[in-house]
Number of protein chains: 2
Amino acid sequence: MASIGDMVAGETTNRIDTQLSEFIGYGMKRALSIVQADLSRVLSEFGLRAVSFSALSIIVGHPGLTQTQLADALQIERSNLVTLIDELAGRNLIIRAPVAQDRRRHALMPTPAGKKLAVAARAAVETHERDLFSCLTGQEQDDLKRLLKKFRQAASA
Amino acid sequence: MASIGDMVAGETTNRIDTQLSEFIGYGMKRALSIVQADLSRVLSEFGLRAVSFSALSIIVGHPGLTQTQLADALQIERSNLVTLIDELAGRNLIIRAPVAQDRRRHALMPTPAGKKLAVAARAAVETHERDLFSCLTGQEQDDLKRLLKKFRQAASA
DNA sequence: TATTGTTATACTCTATAACTATA
DNA sequence: TATAGTTATAGAGTATAACAATA
C-alpha cells in the first residue's frame, strides 16, 4: 500500500536523481545502459554480443588486420581479445591467417559466413537504433551523433 | 619500424572504427569511457568512485530515503548496494537510521562529514566536466545534456 | 631487445537465489 | 504472503604479469 513513506522530500522516487542528471557523464551512462539492453537483445539473435559484433564488423571492413590493431581499435587488451577471436574463429566467422612477412602476426580474415552474418547483424543494429532513437527527431539524432564524435576526437587528443 | 604492414586497407589504425562510429550507441560507449577515466581520477582524491559519489549525492539531496529507493534511483541491485552503504557508513559519511514506523527499513542520513564531502566532491566533478567538455561550446554542451535527458525520458517509458 | 599472441590470474561489476526480520 | 535488508555466489568484464615464438 502506498503511503507518505513512499515519498522522499515530497518527490516521487523516479525523479530522485535530478541533480546527477545535470552531469553529462551521468546522462551518458544512464542512456548507454538503455541502448545496451536493447542492443544485447537484438544481437543475441545472431549469437553475438556488442563486442563480438564490433570485432566482426571491423574485421569485415578491414580484412587482414592483426589482433593488436583490432585491440587498439576496440580499446580492449590484447589478452582479452584472444578468447573473443577464438569464439569467432570457432564459429567459422573469421580465420587467423598466417602473415608471410612476420610469423608472429595473425591476419584476421572474415569467412563468407562471417561477412554474411556481419551484414545481417548490421542491418538489425541499424533497425534497433532507428527504433530506439525515434523519440528524437532526425536532426536531433544527427546532432547527438556529431556531438559525441566531436567530443571523442577532441578529448582523446 | 613503420611499414606498409602497419596500415590496413590504406587507412591509419586510429580511424579503423569509422563504420561503428555511425552508431550512436558506439559513440556513447567510447565517449563515456573517456569521461569515466577522468572522473575516476578526480573522485579518487576524495576516496570515492562514481557510484559512491552518486549514492552519497542522492542521500545528501534526499535524506531519509531507504536502500530500496536508492537502489531504484541508481538502477543497481539492492544486494549490490549493501557493501556500498557499508563503505560510506564505515567512513562516517552516512548513517543507517532506524525507521520507527517500519523496522525493516533504514533511513539513510548524511553525517556533517558526508555533507561536506559531497559538496567538495560535487565542485570537483563540476570542474572536471567543465574542463573535459570545454572542446564543445556552451550551446553544444547544453544540447548534448538535453538530448541525453530527452532520450532517457522517452526510451525508459 | 622489442613485439605478437597467449596463458594465468586477480579484481571489479553485475545478476540471482535464498535467508532473516519484519510487515 | 509480501517486503527490506542481507549473504553467498556465480558470471561477466577488465587489468596485469609473464611466457614462447619471432623479429
Side-chain angles (χ1 to χ4, degrees), chain A residues 1-3 5-6 8 13 29-30 32-34 36-37 39-41 43-44 48-55 59 64-90 94-108, chain B residues 1-6 8 13 29-30 32-33 36-37 39-41 43-44 48-55 59 64-90 94-108:
Chain A
M1 164 189 171
S3 78
D6 296 330
V8 174
T13 53
K29 163 142 191 172
R30 296 299 291 266
L32 180 59
S33 84
I34 294 170
Q36 284 176 324
L39 180 64
S40 297
R41 180 185 57 72
L43 287 175
S44 69
L48 294 172
R49 294 169 294 147
V51 68
S52 51
F53 168 72
S54 295
I59 294 168
L65 88 172
T66 66
Q67 291 182 199
T68 295
Q69 288 174 320
L70 181 57
D72 286 348
L74 292 176
Q75 299 243 97
I76 62 179
E77 294 297 320
R78 276 176 307 157
S79 59
N80 292 328
L81 189 64
V82 176
T83 53
L84 178 54
I85 296 299
D86 284 346
E87 188 186 310
L88 294 174
I94 63 168
I95 58 167
R96 285 174 166 110
V99 175
Q101 303 92 329
D102 186 341
R103 284 161 48 201
R104 292 173 303 183
R105 300 183 181 185
H106 298 161
L108 302 174
Chain B
M1 164 188 172
S3 76
I4 191 66
D6 296 330
V8 173
T13 52
K29 165 144 190 169
R30 296 299 291 265
L32 180 60
S33 83
Q36 284 176 325
L39 180 64
S40 297
R41 179 185 60 72
L43 287 176
S44 69
L48 294 173
R49 294 170 293 147
V51 68
S52 50
F53 168 71
S54 295
I59 294 168
L65 88 172
T66 67
Q67 293 183 200
T68 295
Q69 287 174 321
L70 181 56
D72 287 348
L74 292 177
Q75 299 244 98
I76 62 180
E77 294 296 320
R78 275 177 308 157
S79 59
N80 292 328
L81 188 64
V82 175
T83 53
L84 177 54
I85 296 299
D86 284 346
E87 188 185 311
L88 294 175
I94 64 168
I95 59 167
R96 286 174 165 109
V99 175
Q101 303 91 331
D102 186 341
R103 284 161 49 199
R104 292 172 304 182
R105 300 185 182 184
H106 298 162
L108 302 175

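So that the names make sense, note that chain A is the first sequence line, chain B the second, and so on, each numbered from 1. Fair warning: this is a prediction, and the values are worked out from it, not measured in the lab.
- Atom CG in B:Leu39 sits 10.0 Å away from atom CG in B:Leu48 (nearest 0.5 Å).
- Residue A:Leu70 forms a side-chain contact (heavy atoms from CB on, under 4.5 Å) with just one option from A:Thr68, A:Asp72, A:Leu74, and that option is A:Leu74.
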Review item, side-chain donor-acceptor pairs of residues 79-86 of chain B, under 3.5 Å, at least two apart:
unit_1: B:Asp86; atom_1: OD1; unit_2: B:Arg96; atom_2: NH1; d: 2.9
unit_1: B:Asp86; atom_1: OD1; unit_2: B:Arg96; atom_2: NH2; d: 2.9

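- Stem analysis of DNA chain C (at least three stacked-register Watson-Crick or G-U pairs, each with both distances under 3.5 Å) gives C:1-23 with D:1-23.
- Interatomic distance, CG of B:Leu65 versus CZ of B:Arg105, reported as 11.0 Å (0.5 Å rounding).
- Considering only residues two or more places apart in sequence or on other chains, A:Ala97 meets the side-chain contact (heavy atoms from CB on, under 4.5 Å) condition with A:Ile95, A:Ala107, A:Met109.
- Rounded to whole Å, atom C1' of D:dT6 lies 14 Å from atom CG of B:Leu84.
- A distance of 4.5 Å separates CG in B:Leu108 from CD1 in B:Ile59, rounded to the nearest 0.5 Å.
- Nearest heavy atoms, A:Ser44 versus A:Arg41: OG-O, 2.7 Å.
- Nucleotide D:dT3 holds its P atom 19 Å from the CG atom of B:Leu70, rounded to whole Å.
- Atom CD of A:Gln69 and atom P of C:dT3 are 14 Å apart (whole Å).
- Residues satisfying the side chain to side chain donor-acceptor pair (under 3.5 Å) test with A:Glu87, not counting sequence neighbours, are A:Arg49.
- Between A:Ser54 atom OG and B:Lys29 atom NZ the span is 7.5 Å, to the nearest 0.5 Å.
- Here the straight-line distance linking atom CG of B:Leu43 with atom CD of B:Gln36 works out to 11.0 Å at 0.5 Å rounding.
- For A:Arg104, the side chain to side chain donor-acceptor pair (under 3.5 Å) partners at least two apart in sequence or on another chain are A:Asp102.
- At whole-Å resolution of the value, CG in A:Asp86 and C1' in C:dT7 are 11 Å apart.
- Within the 4.0 Å cut-off from OP1 or OP2 of C:dT6, at least one side-chain nitrogen or oxygen of A:Gln67 is found.
- Note on A:Arg105: every side-chain N or O is 4.0 Å or more away from OP1 and OP2 of C:dT6.
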Between protein and nucleotides 20-23 of chain D, what N or O pairs are separated by less than 3.5 Å?
unit_1: D:dT22; atom_1: OP1; unit_2: A:Arg103; atom_2: NH2; d: 3.2
unit_1: D:dA23; atom_1: OP1; unit_2: A:Arg103; atom_2: N; d: 2.9

Polar pairs (N or O, both sides) under 3.5 Å between protein and nucleotides 14-19 of chain D?
unit_1: D:dA15; atom_1: N7; unit_2: A:Asn80; atom_2: ND2; d: 2.8
unit_1: D:dA15; atom_1: N6; unit_2: A:Asn80; atom_2: OD1; d: 3.0
unit_1: D:dT16; atom_1: O4; unit_2: A:Ser79; atom_2: OG; d: 2.6

